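Since this is a predicted model, take the numbers as computed values, not measurements.
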Amino acid sequence: MPAGVVAAILTAAVVPSALATAAAAQQCEEADCDSASLVQFRDTRQESSVKPQPFVFQPDGPCSGGGAACEAAGWVYCQDAECSEPTVVDGVLVAKCLCWAPKNTNTSAMPGSDNAGASCVINQQRGGTPLPAGGTAMCDAIKDGKLISTWGPKGWKPPLVTSKCPAGTPFAWCWGAPCTMEAGDIVCDCPMVTVNSTDTQYLSLSIRACADEADPCSVTHNGDPAGSAVELHQHMGQCSAKPDPPCQ
């Protein structure tokens, strides 16, 4: 991801705890945090018995490209998403994640090319009409009303934490994933990914999920490939009794 985009995102990510506490109630109300949909998504974690293999991500291999900025209303945010257990959609192992659309900005960071992000992972694994690739094609699709998961510096929803997991931990990669509106909720098909690397894998999740889960690493959550230039764990609180040292 370009240094300018990364810097803007990480700068905005550092939310003081007081502001996070004040903003949490307002934004939870906007996103309907206590909706029946959230309960339903948690219940589906116990229902699925499908256990095929996630996409194996090779650092510097397919889908490892960087990001680009997009100015378009209607982009979707999944960093704190509640996700179902993996299921197969059109031959691809995905997690269905309950996401939301920030209304306070049109600026987001999306995959920058057809060799980046979740859309690339899905296109690598299925035939038929490809999903909009990153870059201009993806930004234009969002402008045309397509629901696509990106992320951005002004759409942050505090409080957000990360969980430190073993290398190779599977995660739902929502960056660039296609989404649909289902019964008033935005649901994204985030492909399941595991990274062929010895680097620690970090997942992103809400403080609520951190409090409810004995082991977030065993639950399906959104994440970025281990070793990513965007090291969110250095800028967020951690869901751990022994967190890593903060970024200096």
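Annotation: the span from Asp90 atom CG to Ile122 atom CD1 amounts to 9.0 Å, rounded to 0.5 Å. Distance check: Gln124 CD to Phe57 CZ gives 11.0 Å after rounding to the nearest 0.5 Å. From Leu205, atom CG reaches atom CG of Asn222 across 10.0 Å, with rounding to the nearest 0.5 Å. Once rounded to the nearest 0.5 Å, the distance linking CH2 of Trp151 with OG of Ser204 reads 9.0 Å. In this structure, OG1 on Thr87 lies 8.0 Å from CG on Leu93, to the nearest 0.5 angstrom. A distance of 6.0 Å separates CG of Asp80 from CG of Leu160, quoted to the nearest 0.5 Å.
Contact detail for Ala137 and Pro132: the closest heavy-atom pair is O-CB, 4.2 Å. Pairing each heavy atom of Cys63 with each of Val121, the nearest pair is SG-N, 3.4 Å. Minimum interatomic distance between Val76 and Cys99 (heavy atoms only, all atoms of both residues): CG1-CB, 3.5 Å. Closest of all the heavy-atom pairs between Met138 and Ser119 is CE-OG, 3.5 Å. Listed here is the closest heavy atom pair of Ala72 and Trp75: O-CD1, 3.5 Å. The two atoms that bring Val92 and Pro191 nearest to each other are CG1-CB, 4.5 Å, heavy atoms only.
Here the side chains of Thr169 and Val195 are not in contact, with every heavy-atom distance at 4.5 Å or above. Side-chain contact check for Ile186 versus Leu98: every heavy-atom pair is 4.5 Å or farther apart. Within the 4.5 Å cutoff, no side-chain heavy atoms of Met192 are placed close to those of Phe55.
Here the side chain of Trp175 pairs a donor or acceptor atom with the backbone of Ala109 at under 3.5 angstrom. A donor-acceptor pair under 3.5 Å links the side-chain atoms of Gln201 to the main chain of Ala226, judged by distance alone.
Between Cys139 and Cys70, the sulfur-to-sulfur (SG-SG) separation falls under 2.5 Å. Taken together, the cysteine pair Cys188 and Cys179 places its SG atoms within less than 2.5 Å of each other. Checked against the 2.5 Å cut-off, the SG-SG distance between Cys83 and Cys190 does not fall under it. On the SG-SG cut-off of under 2.5 Å, Cys174 and Cys78 do not qualify. If you check the gamma sulfurs of Cys217 and Cys165, they are less than 2.5 Å from each other.
Taking hydrophobic clusters as Ile, Leu, Val, Met, Phe, Trp and Tyr residues chained together by side-chain heavy-atom distances below 4.5 Å, Leu203 shares a cluster with Val193. Tyr202 and Val161 fall into different hydrophobic clusters, where Ile, Leu, Val, Met, Phe, Trp and Tyr are joined by side-chain heavy atoms under 4.5 Å apart, directly or via other members. Residues Leu131 and Leu147 do not share a hydrophobic cluster, defined by chaining ILVMFWY side chains whose heavy atoms lie under 4.5 Å apart.
Judged by distance alone, the side chains of His221 and Gln79 never bring a donor and an acceptor atom under 3.5 Å apart. When only modelled atom types and interatomic distance are considered, Gln58 and Asn196 share a side-chain donor-acceptor pair under 3.5 Å. Donor-acceptor pairing under 3.5 Å is recorded for the side chains of Glu71 and Thr107.
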Would you check, one step at a time, whether the test side-chain contact (heavy atoms from CB on, under 4.5 Å) holds for Asp185 with Trp100?
-> CA-CA 8 Å; Asp185 294 314; Trp100 62 291; over 6 Å; no
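Applying the 6.0 Å contact sphere to CG of Asp60 captures no more than 12 heavy atoms from other residues, nucleotides or ligands.
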